[in-house]
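Chain letters run A, B, ... following the sequence lines, proteins first, then strands; residues in each count from 1.
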Number of protein chains: 2
Amino acid sequence: MTRSEENYLKIIFHLGGSNSTPITTNAIAEQMETKPSSVTDMAKKLAEKGLVNYKKYQGVSLTDQGTKTALSIIRKHRLWEVFLVKKLDFSWDEVHEVAEQLEHIKSEKLIDKIDELLEFPKFDPHGDPIPSKDGKFMVRDKQLLSEVAIGDKGVCVGVKDSSAPFLKFLDKNKIALGHTIQVLEKEDFDQSLHIAMEGRELRISHQIASNLYVKKNE
Amino acid sequence: MTRSEENYLKIIFHLGGSNSTPITTNAIAEQMETKPSSVTDMAKKLAEKGLVNYKKYQGVSLTDQGTKTALSIIRKHRLWEVFLVKKLDFSWDEVHEVAEQLEHIKSEKLIDKIDELLEFPKFDPHGDPIPSKDGKFMVRDKQLLSEVAIGDKGVCVGVKDSSAPFLKFLDKNKIALGHTIQVLEKEDFDQSLHIAMEGRELRISHQIASNLYVKKNE
DNA sequence: AATTAAATTTAGACAAAACTAAAAATAGGT
DNA sequence: ACCTATTTTTAGTTTTGTCTAAATTTAATT
């Protein structure tokens, strides 16, 4: 497996290509920041290796083998992110690009030992689930803060957008995973929210609320 | 800097190419497990970038910039080796190939944090010195066990051959860095040694003795 | 059903890093 | 100083992953 092949599989997985719904070459090209014609070439190669299903003009989806491989890369990526945050004091907005490199290190023992060192975490710093060695991962029933009803409470468990600017914004406003949030009021005009969190009240825009996941207190 | 360029610089450094003595393309090719013609191509490219001095048929040596770069890669390699042994319980015969991959990760913050986590080690698991950020490293005055006079004592501080088979042999015979060794007798016939170490006596071949470094107790 | 717009694939090319085979330069021995 | 053996370089290919431009297929609209 080359680095490039691994990146393709990862992106196809993220675009949902294991659910039998084929992904278009255009969509893949956009994510890979490359051209559709390059994607076609790679689709053929991956199909050759039995990692994707590919029919001309019909798009691409992962085979079982391809899904397994994609999950193992995602597992590595997310474990490295946890490592960087927990052991090396990286902030959650700095880990992605380093993890993009570390995820390609080839050593099963290495990643298993990292997993052990971290005491087998189930979620990465952005709240995304970490697949186990056999490709299983927790699906948490979470919802976007923007869809929580007025008066309801929830624990912040993840972010939808994990770009550095958004994460830095959250840091600046002391919004972090694990905090309990109650929706006090929704503004009809611009859908901004008035929320209570950790003993203080604040207003956040719809754009922020629609990129924060919360888990309702059952 | 591509991975390949980094590997060339590292190998040129190890062959002694910063001491103005140029290294032949043949020697580099052998270490790189490639052909001399490929080395010529790379020599041109590295010379172009100001990392090596290269004159046709005269061999290659590192410039100051090239030496600096080589040292930073060696620093990363050795720090990762320490990390693997100290934090993830790898044995010293398993670390090399994983460190070969990890040394190419590009993040200054990452390696500085690893250095800090390890409390700024000065030597790697094989006793080789770890260059500091500014490229300085300790030169320990050590000598091969095979050259120690009869009756003299020394502390085992490093290995010359750090291949897995040799390291495994040392483990099996409970020979480890930090142990004090006294040479009791040298066999004229085959230059094998009779040594005392950690309260026991054993015989080792010349080949073993000439791959173990000791530091004489001053 | 025909036409057009959009998406996708093909064909041909390129850059990096390697190779092989052949040519050129150097070094050693006489 | 010459010849030969060795080392090193050149020239031309290969592979991987990409690109552009052109051709083809699918989808959408009338």
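Residue A:Y8 places none of its side-chain N or O atoms closer than 4.0 Å to OP1 or OP2 of D:dT16. Applying the 4.0 Å criterion to OP1 and OP2 of D:dT16, one finds that A:S4 has every side-chain N and O outside that range.
Within the structure, ring-ring contact (aromatic ring centres under 6.0 Å, His included) pairs that include any residue of residues 115-136 of chain B do not occur (at least two apart or interchain). The list of ring-ring contact (aromatic ring centres under 6.0 Å, His included) pairs with a residue in residues 75-112 of chain B, not counting sequence neighbours, reads A:F83-B:F83, B:H77-B:H96, B:W80-B:F83.
Taking atom CG of residue B:N7 and atom C1' of nucleotide C:dA16, one finds them 15 Å apart after rounding to whole Å. Residue A:I28 contributes atom CD1, which lies 14 Å from atom C1' of C:dT9 at whole-angstrom precision. Put simply, NZ on B:K35 is 17 Å from C1' on D:dT15, counting in whole angstrom units. Computed from coordinates, the A:E48 CD to D:dT16 C1' distance equals 15 Å when rounded to whole Å.
Residues satisfying the side-chain contact (heavy atoms from CB on, under 4.5 Å) test with A:K55, not counting sequence neighbours, are A:Q58. Contacts of A:P36 classified as side-chain contact (heavy atoms from CB on, under 4.5 Å), with partners at least two apart in sequence or in another chain: A:N26, A:A29.
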Side chains of residues 139-148 of chain A: which donor-acceptor pairs under 3.5 Å do they make with residues two or more places apart or in other chains?
from	atom 1	to	atom 2	distance (Å)
A:R140	NH2	A:G127	O	3.4
A:R140	NH2	A:V157	O	3.2
A:Q143	OE1	A:K216	NZ	3.1

Protein proximity profile, nucleotides 4-11 of chain D - base contact B, sugar-phosphate-only contact S, no contact -, cut-off 4.0 Å on heavy atoms: ---SBBB-
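Salt-bridge annotation for B:D112 and B:R75: present, with a side-chain N of the basic residue lying under 4.0 Å from a carboxylate O of the acidic one.
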